[in-house]
Amino acid sequence: MLDQRLVRENPDLITSELGRRGMTVDLTGLQLIAQQQRNLEEQRSKLQAEGNRIGKEVGQLIKNGSDPKASEVAEMRQQGNIIKQKVAVLEDEEKQLSARLREQLLTLPNLPSPDCPEGRDESDNQERRRWGTPREGEDLLEHWEIGEQLSLFETERSVRIAQSRFVTLTGQGARLERALINFMLDLHSAKGYKEIMPPVLVNSASLTGSGQLPKFAEESFRCAEDDLWLTPTAEVPLTSLHRDEIIPAEQLPLRYAAYSPCFRREAGSYGRDTRGLIRLHQFNKVELYWFVHPDHSQAAHAQITADAEAVLQSLELPYRVIELCTGDLGFSASCTYDLEVWLPGAKAFREISSCSACGDFQARRSAIRTKERKGTRLIHTLNGSGLAVGRTMAAVLETGQQSDGSVLLPKALVPYFGKDRIQPE
RNA sequence: GGAGAGGUGGCCGAGUGGUCGAAGGCGCAGCACUGGAAAUGCUGUAUAGGGGCAACUCUAUCGAGGGUUCGAAUCCCUCCCUCUCCGCCA
């Protein structure tokens, strides 16, 4: 959420910054609401101060023995009542304005960071670097073909269990998924990340706090009876882990690594990536998350990205780093690096991690602050996938495929999987 | 699902309708004492919004929302949440 003060005092800045995202917003109405709200608040508190004064005086008079029914006292009571009525009217108006203001503010995305490259859509994203040598070859299979040959997962039968876009991992496939999760968590834990296993049902406040609500309700599965949602990413419960808290500066940064299944409705993606593990309603992910002092968030962004990259490097999976342009940024992000892994079978780079700096955007929505000499200050949050597990499996399968039909696993994974390759059973 | 108890500051815990943003304690910070520390003493220590360069000041907040009153942490109503026991259950 953006700062109300900014809306009030410098809406042009917001308009031009959101313009960099390709949005056209007119904030004059919102600014007016914000200013009116502030005016009302001022009037109201002055009246309340007067009312408080009268209340105290009446108390004094009665305490000193005045007759409560004396005309002097009755007069003041009368005044108190008038003030109360006026306050009630102002308060009502003020509440309505505040509600409208907040409602609208919640729908505005974060401002892009100053050095975020300008651009309209993903074609303007900028490649920052590459790692590894992509494996190439004409007869390389795509991961679902390998999965089918080695009986690693069930697509058709999963429709029977749930519906399309769900997968059932079986045998060595299930084992590989588990190996990947454990490997990732161990790697991050060794770097000082605290391991978290969060609830995967989250309430509306949590989704609002990280930015999924109110705008993206159709993206998440909802349990209507209970005001709970299936979490679309562990970013949601992790943000709310410290919602409404003041974190002592010396405890920052807090760094978490959370494994969780993630659930997405994928509304509007009919026909895209219908085969295999790339786009599912349910997938596993290990998420990295930082709560950081605002002065250190830039360095943190480089670090969280490096920590996500470390997983790919350890798994010997070639990838490139893409910096998203202003037009392709997610709702809560001010700056994002996507990691795209090379899929030799698909002969393409596919997004496998998204590492975003969110500034104070989520912190303001979630009221997460740190203590300063005087008062408090919103902290900054960062998140990054470390990594999306299903897509990692796809990359491992395609990268390690051998001509005999087996898949050679990266060395780092061997202790977790128990064997150095997947063979037909 | 059934029965009961309870929601007050970072935590514990008091609070008779009137100077209560809230005693006391713990914790934390600063100072004093000390060779250094412990112990002790003193002082300070909520959040949000508004005004002021600042010192400071105004308003709101004792789970939430209503109500009674000149005045509510305290009285009334509604809702929410947490805990305990029983039942069911991995």
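Any value given below was found using the heavy atoms of this structure, including those in side chains, with hydrogens, waters and symmetry copies removed. The chains referred to below are lettered A, B, ... by the order of the sequence lines, with proteins before strands, and numbering in each begins at 1.
Relative to the six-membered ring of A:Phe417, A:Arg175 meets both conditions, a distance below 6.0 Å and an angle of at most 45° to the axis.
Taking 4.0 Å as the cut-off between side-chain N and carboxylate O, A:Asp92 and A:Arg44 do not count as a salt-bridged pair. A:Asp295 and A:Arg377 are joined by a salt bridge, as a carboxylate oxygen and a charged side-chain nitrogen come within less than 4.0 angstrom of each other. Between A:Arg53 and A:Glu57, at least one side-chain N (NZ, or NE/NH1/NH2) sits under 4.0 Å from a carboxylate O, which counts as a salt bridge. Electrostatic pairing of A:Glu266 and A:Arg264 does not count as a salt bridge here, judged by no charged N lying under 4.0 Å from a carboxylate O. With respect to the salt-bridge test (charged N to carboxylate O, under 4.0 angstrom), the residues A:Arg364 and A:Asp360 qualify.
The P atoms of B:C76 and B:A39 are separated by 45 Å, rounded to the nearest whole Å. Taking atom P on both nucleotides, B:A73 is separated from B:U61 by 7 Å, rounded to a whole Å. For the P atom pair drawn from B:C83 and B:C12, the interatomic distance equals 14 Å after rounding to whole Å. With C1' as the reference atom, B:G21 and B:G1 are 42 Å apart, rounded to whole Å. When the C1' atom is used for both B:G66 and B:A72, the distance is 14 Å, rounded to whole Å. With C1' as the reference atom, B:A55 and B:A38 are 38 Å apart, rounded to whole Å. Distance check on atom C1': B:G4 versus B:C62 gives 25 Å, rounded to whole Å. B:C75 and B:C56: their P atoms are spaced 36 Å apart (whole Å).
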Checklist entry - Going through the checks in order, is the side-chain hydrogen bond (donor to acceptor under 3.5 Å, both in side chains) test met by A:Thr155 and A:Trp144? => result CA-CA 9 Å; A:Thr155 307; A:Trp144 68 80; over 6 Å; no
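Under the Watson-Crick or G-U wobble criterion, with both distances below 3.5 Å, B:C83 is paired with B:G4. Across all strands shown, the partner of B:G65 is B:C77, judged by Watson-Crick or G-U wobble contacts whose two distances both fall under 3.5 Å. Across all strands shown, B:A72 forms no Watson-Crick or G-U wobble pair with both distances under 3.5 Å. With a 3.5 Å ceiling on both atom-pair distances, the Watson-Crick or G-U wobble partner of B:U47 is B:A60. The partner of B:A37, taking Watson-Crick or G-U wobble pairs whose two distances both stay under 3.5 Å, does not exist in any strand shown. Nucleotide B:G10: paired with B:C26 (Watson-Crick or G-U wobble, both distances less than 3.5 Å). When both distances must be under 3.5 Å, the Watson-Crick or G-U wobble mate of B:C89 does not exist.
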Distances under 3.5 Å between protein N/O atoms and the N/O atoms of nucleotides 73-80 of chain B, please, pair by pair.
none

Close N or O pairs between protein and nucleotides 45-47 of chain B (under 3.5 Å):
residue, atom, partner, partner atom, Å
B:A46, O3', A:Lys371, NZ, 3.3
B:U47, OP1, A:Lys371, NZ, 2.0
B:U47, O3', A:Arg369, NH1, 3.1

Pull out every protein N or O sitting under 3.5 Å from an N or O of nucleotides 62-72 of chain B, one pair per line with the distance.
residue, atom, partner, partner atom, Å
B:G66, OP1, A:Lys95, NZ, 2.5
B:C70, OP2, A:Asn81, ND2, 3.4

Checklist outcome for this item: Under a 4.0 Å heavy-atom criterion, the protein footprint on nucleotides 50-58 of chain B, written with B, S and -, is SS---S--S
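For the salt bridge (charged side-chain N to carboxylate O under 4.0 Å, His left out) test, residues two or more places apart in sequence or in another chain that qualify with A:Glu118 are A:Arg20.
For residues 211-221 of chain A, the pairs satisfying side chain to side chain donor-acceptor pair (under 3.5 Å) are A:Ser210-A:Gln212, with sequence neighbours left out.
When atom types are taken as modelled, the side chain of A:Arg255 and the backbone of A:Val292 share no donor-acceptor pair closer than 3.5 angstrom.
Between the C1' atom of B:G10 and the CD atom of A:Gln251 lies a distance of 11 Å, rounded to the nearest Å. In this structure, the CG atom of A:Asn203 is 11 Å from the P atom of B:C81, given to the nearest Å. Taking atom CD of A:Gln4 as the reference point, atom C1' of B:A48 lies 11 Å away to the nearest angstrom. At whole-Å resolution of the value, CZ in A:Arg44 and P in B:A48 are 17 Å apart.
Pairing each heavy atom of A:Val7 with each of A:Ala34, the nearest pair is CG1-CB, 4.3 Å. In terms of heavy-atom proximity, A:His281 sits nearest to A:Arg265 at CE1-O, 2.8 Å.
Around atom CZ of A:Arg157, no more than 12 heavy atoms belonging to other residues, nucleotides or ligands sit under 6.0 Å away. When the shell of 6.0 Å around CZ of A:Arg8 is examined, it contains more than 12 heavy atoms from other residues, nucleotides or ligands.
A:Lys285 and A:Thr233 share a donor-acceptor pair across their side chains, judged by distance under 3.5 Å alone.
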